[in-house]
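Owing to the predicted nature of the structure, the values given are computational and were not obtained by experimental measurement.
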Amino acid sequence: MDGGAAVVAPVGEYEVRELCDAIDAVLVRAPAEGANGFLLDLSASSALPRRSTRDIRIVAGCLAQARGRFGSRLGMVAPTDLAFGMMRQGSVFIETQGVEAEVFRDYGSAMAWLAVGGRR
C-alpha cells in the first residue's frame with residue numbers, strides 16, 4: 001500500500017497466475033473500505049516481451065473482477081515503449097469492464113493521478 005493505493009510491482013520473470021495471485025494478496029490487506037486505486041508498476045518486469053494478448057486480457061480480467069476493492073481506478077507504470085503499448089492495449093480492454101485506467105511512464109505521475117480521483 002502507498003498513500004492508500006494498492007501497489008503491485010512484479011520483478012523479473014513471473015507467470016500470469018502469479019501476478020493475479022499477487023493482485024489478490026495485496027487487495028486482501030487493503031482497508032475494509034477498499035484501496036484508493038490500484039497501481040501496477042511494471043518498471044522492473046522483464047516478462048512483458050513474452051506476453052500475449054491473451055495474457056494481458058487474463059490480468060485485466062483479474063483486476064476487473066476485483067475493481068470494487070480498489071475504487072475502479074487503475075494506474076499502470078510502463079517506462080518502455082513496448083510496455084507502454086501493451087498496457088494501453090490492456091487499458092482498452094479493462095475500461096470495457098468498468099475500470100478507469102491510465103498508463104504512465106513513471107511512478108510519481110501514476111500516484112498523483114490516483115490521488116486526484118481516489119477516495120479521501
Side-chain angles (χ1 to χ4, degrees):
M1 301 293 292
D2 184 355
V7 178
V8 169
V11 176
E13 295 290 326
Y14 49 89
E15 297 298 320
V16 170
R17 184 76 248 157
E18 291 175 298
L19 182 54
C20 287
D21 289 347
I23 290 165
D24 188 56
V26 166
L27 290 171
V28 164
R29 293 191 303 256
E33 68 275 6
N36 185 19
F38 193 96
L39 181 68
L40 180 60
D41 182 357
L42 298 164
S43 299
S45 171
S46 59
L48 287 176
R50 285 164 291 295
R51 293 291 183 240
S52 66
T53 299
R54 180 178 180 273
D55 292 339
I56 293 168
R57 286 179 162 251
I58 289 170
V59 174
C62 293
L63 286 160
Q65 286 179 0
R67 68 185 173 272
R69 294 162 53 192
F70 61 87
S72 297
R73 285 177 53 84
L74 170 66
M76 295 169 277
V77 179
T80 68
D81 290 343
L82 174 65
F84 194 89
M86 292 177 79
M87 293 308 96
R88 286 293 303 137
Q89 178 184 11
S91 71
V92 169
F93 174 73
I94 200 164
E95 286 180 348
T96 68
Q97 306 298 306
V99 176
E100 183 181 4
E102 291 290 337
V103 184
F104 300 89
R105 294 287 185 166
D106 65 89
Y107 189 92
S109 297
M111 288 302 293
W113 178 79
L114 286 172
V116 168
R119 297 181 207 138
R120 290 282 176 206

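- Scanning both residues, M1 and A6, for their nearest heavy atoms gives SD-CA, 3.7 Å.
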Donor-acceptor list for residues 79-91 side chains, cut-off 3.5 Å, not counting sequence neighbours:
| residue | atom | partner | partner atom | Å |
| --- | --- | --- | --- | --- |
| T80 | OG1 | A83 | N | 3.1 |
| D81 | OD1 | R105 | NH1 | 3.2 |
| D81 | OD1 | R105 | NH2 | 3.1 |
| R88 | NH1 | S91 | OG | 3.0 |
| Q89 | NE2 | T53 | OG1 | 3.1 |
| S91 | OG | R88 | O | 2.7 |

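- Atoms CG and CZ, from L114 and R73 in turn, are 6.0 Å apart once rounded to the nearest 0.5 Å.
- Hydrophobic clustering keeps F93 apart from V8 (ILVMFWY residues linked when any side-chain heavy atoms are closer than 4.5 Å, directly or through intermediates).
- When I23, L27, L39 are each tested for a side chain to side chain contact (heavy atoms under 4.5 Å, CB included) with F70, only one passes: L27.
- Two residues are said to be in side-chain contact when any heavy atoms from C-beta on lie closer than 4.5 Å; D41 and M76 fail this criterion.
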Q. Would L48 and L42 satisfy side chain to side chain contact (heavy atoms under 4.5 Å, CB included), going step by step from the backbone distance to the final call?
A. CA-CA 9 Å; L48 287 176; L42 298 164; 4.1 Å; yes
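- Judged by distance alone, the side chain of D106 and the main-chain N or O of S109 form a donor-acceptor pair under 3.5 Å.
- Minimum interatomic distance between V26 and V7 (heavy atoms only, all atoms of both residues): CG2-O, 3.7 Å.
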(Q) As a quick check of understanding, evaluate side chain to side chain contact (heavy atoms under 4.5 Å, CB included) for L74 and L63, giving each step before the final call. (A) CA-CA 9 Å; L74 170 66; L63 286 160; 3.9 Å; yes
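- Counting only distance, with no hydrogens or angles, the side chain of D55 and the backbone of S52 share a donor-acceptor pair below 3.5 Å.
- Rounded to the nearest 0.5 Å, atoms CD1 (I58) and CG (L19) are 11.0 Å apart.
- Residue pairs meeting the disulfide (SG to SG under 2.5 Å) criterion with at least one partner in residues 31-101, sequence neighbours excluded, are C20-C62.
- When every heavy atom of I94 is checked against every heavy atom of A64, the shortest pair comes out as CD1-N, 3.9 Å.
- When all heavy atoms are compared, the tightest approach of R67 to G98 is CD-O, 3.9 Å.
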Q.
Run the side chain to side chain contact (heavy atoms under 4.5 Å, CB included) test on V99 and F38 for me, step by step, so that the C-alpha distance in whole Å, both residues' side-chain angles and the decisive distance to 0.1 Å come before the verdict.
A. CA-CA 10 Å; V99 176; F38 193 96; over 6 Å; no
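- The number of heavy atoms from other shown groups lying within 6.0 Å of CD (E15) does not exceed 12.
- Geometrically, R50 does not engage Y14 in a cation-pi contact, judged by NZ or CZ lying under 6.0 Å from the ring centre and within 45° of the ring axis.
- When all heavy atoms of E100 and E95 are compared, the closest pair comes out as C-OE2, 4.4 Å.
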Q.
Apply side chain to side chain contact (heavy atoms under 4.5 Å, CB included) to residues V28 and R69 and explain how you reach the verdict.
A. CA-CA 9 Å; V28 164; R69 294 162 53 192; 3.7 Å; yes
